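A, B, ... follow the sequence lines: proteins, then strands. Residue 1 opens every chain. Keep in mind that this is a model prediction, so the values were computed, not measured.
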Amino acid sequence: MNLRLLVQAIATFLTNAHLKGFFTGKIYDGALKRTCVPTLNCYSCPGALFSCPVGAAQVILSSGGTGDNAGGTSEAAAAVPLREKAWNILTGTPLFVLGLMTAVGALVGRATCGWLCPFGLLQDLLHRLPVPKVRPPRALRLGKYLFLVVLVILMPLFWVDASGFSEPAYCKYVCPAGTLQGGILLPALNPDLRSLLGKLFAWKLTLLVLFLLTMPFIARPFCSWACPIGAFLAPFNRVSLLRLTLEADRCVKCGACRRACVAGLDPVDELDAPDCVRCLACVRACPLHLIKAEAPFLPTAAPPTPTAAPASADPSSR
Amino acid sequence: MESSSPTASARPAAASRLSWGLLAAGLALMGLGVWLDETARILDKATQVCLQCIGIG
């Protein structure tokens, strides 16, 4: 049994363990939803026990610090005393979410993407289908940063309607996890919601289907191109307490780690790269055990014995 | 082989300090967020059906 797959499955279950919701069509409304999971998991999934950090961040940003939207008119904004403005900025910043994701990133980088994310699990499973694998242009990976900055941060902050309200733009226009978990399940269980579905739902469903169709061919396309959580955590891979090391001078470039990588990277050249989801498949795949995961909270591996490698170092033997 | 590659060398102390510093900053921000009742506002939103997530709102 693949340990990571087991952990992913358990995490997916635990974050969506409000099983009653799958039968009643009612979402969980208990205290656990005060906090977020460090993964993309729509809080409108009938089973979701926790909040989604992307949705939560947009809610706080669009609230402008009052709990309601404080956008208002420019005249009204000008009349607000400086101290109150500073308070509004402070309470309009998603500090809890920011702190949670920073702490997680500092600890393990993007490991939550590789080990805990339900949408990551879906992508990994579909990528196991026996179809030709494709490596798309790397420039597409920049897309996730654009989504994070524009749709998650700027639009909820500044795209305010006449009545002073803004919306969680990423959830509304992009998030395929929300479509899958909330958008399909809830209307399926609620005839009232079903009758309200229109063009926006059709757009989101199309986006979800496109991603689903891409997943068998491309490694984690959503994580690489469109996930704001991945974009936020990506830089932490370089500085997190959990890190990967490679004994490059002993590497025979057999390609085993590249073939095993679920993110479609070449660990020899891209160790701790922003797109690494810390699945540790490269650690297990390296026949010479040259790639290691190290962290203060992990047991220290025994130093490699000089005689252990040469016998299997010939790449032609694999 | 006697020499070890740069990637296999110990992480510089400065990088480790940065990691611990970020972890501490993250925890502090979380605490500040709780103190400012951010989690209650998250709860308010998350306990209602998110029409935008579904593709209605």
S.K.: Checking heavy atoms, do the side chain of A:Leu196, its backbone, both or neither come under 4.5 Å from chain B?
M.R.: both

S.K.: Of the non-hydrogen atoms in B:Leu22 and A:Ala106, which two are nearest, and what is the gap between them?
M.R.: CB-CB, 3.7 Å

S.K.: Can B:Leu51 and A:Leu193 be said to form a side-chain contact (heavy atoms from CB on, under 4.5 Å), step by step?
M.R.: CA-CA 9 Å; B:Leu51 297 178; A:Leu193 287 176; 4.0 Å; yes

S.K.: Could you tell me which residues satisfy side chain to side chain contact (heavy atoms under 4.5 Å, CB included) with A:Ala188, sequence neighbours excluded, listed by chain and number?
M.R.: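 None.
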
S.K.: Do you know which of A:Tyr43, A:Tyr28, A:Phe236 has the most heavy-atom pairs under 4.5 Å to chain B?
M.R.: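 The answer is A:Tyr43.
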
S.K.: Side chains of A:Thr35 and B:Thr39: does their closest heavy-atom pair fall under 4.5 Å?
M.R.: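 Counting from C-beta outward, A:Thr35 and B:Thr39 never come under 4.5 Å.
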
S.K.: Between the side chain of A:Ser44 and the main-chain N/O of B:Cys50, is any donor-acceptor distance below 3.5 Å?
M.R.: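 Yes, because the side chain of A:Ser44 sits within donor-acceptor range (under 3.5 Å) of the backbone of B:Cys50.
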
S.K.: If you look at every heavy atom in A:Leu241 and B:Ser19, which pair is closest and at what distance?
M.R.: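 That closest heavy-atom pairing would be CD2-CB, 3.4 Å.
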
S.K.: Between atom CE of B:Met30 and atom CE of A:Met101, what is the distance when rounded to the nearest 0.5 Å?
M.R.: 10.5 Å

S.K.: What residues, two or more places apart in sequence or in another chain, satisfy side chain to side chain contact (heavy atoms under 4.5 Å, CB included) together with A:Ala111?
M.R.: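 Counting only residues at least two positions away or on another chain, A:Ala111 forms a side chain to side chain contact (heavy atoms under 4.5 Å, CB included) with A:Val108, A:Trp115, A:Leu242, A:Arg278.
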
S.K.: Quick one, A:Leu200 and B:Gln52 - any side-chain contact, counting heavy atoms below 4.5 Å?
M.R.: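 A side-chain contact under 4.5 Å is absent here.
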
S.K.: Quick check on the interface: out of B:Ala28, B:Ala46, B:Gly33, who has the most heavy-atom pairs with chain A under 4.5 Å?
M.R.: B:Ala46

S.K.: Heavy-atom cut-off 4.5 Å, strictly under: side chain, backbone, both or neither for B:Leu23 against chain A?
M.R.: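 It is both, since atoms from each part get that close.
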
S.K.: I need the residue from A:Leu98, A:Leu32, A:Leu205, A:Val97 with the largest number of non-hydrogen atom pairs under 4.5 Å to chain B.
M.R.: A:Val97

S.K.: Which of the residues A:Ala48, A:Cys42, A:Pro168 is involved in the greatest number of heavy-atom pairs with chain B at under 4.5 angstrom?
M.R.: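 Result: the option with the highest number of such pairs is A:Pro168.
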
S.K.: Would you say B:Ile42 and A:Phe96 make side-chain contact, with heavy atoms under 4.5 Å?
M.R.: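 B:Ile42 vs A:Phe96: side chains touch.
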
S.K.: Start with the C-alpha distance between A:Ile27 and B:Gln48, add both sets of side-chain angles, then the distance that settles side-chain contact (heavy atoms from CB on, under 4.5 Å), and finish with yes or no.
M.R.: CA-CA 8 Å; A:Ile27 64 171; B:Gln48 299 164 34; 5.6 Å; no

S.K.: Can you find a pair of side-chain heavy atoms, one from B:Arg41 and one from A:Thr91, that are under 4.5 Å apart?
M.R.: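 Side chain of B:Arg41 against side chain of A:Thr91, heavy atoms only: contact under 4.5 Å found.
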
S.K.: Working to the nearest 0.5 Å, report the span between CG of B:Asp44 and NZ of A:Lys33.
M.R.: 12.0 Å

S.K.: Among A:Gly182, A:Pro187, A:Pro94, A:Cys175, which residue has the highest count of heavy-atom pairs closer than 4.5 Å to chain B?
M.R.: A:Pro94

S.K.: Begin from the C-alpha positions of B:Trp35 and A:Leu95 and carry the test side-chain contact (heavy atoms from CB on, under 4.5 Å) through to its verdict.
M.R.: CA-CA 10 Å; B:Trp35 182 65; A:Leu95 299 172; over 6 Å; no

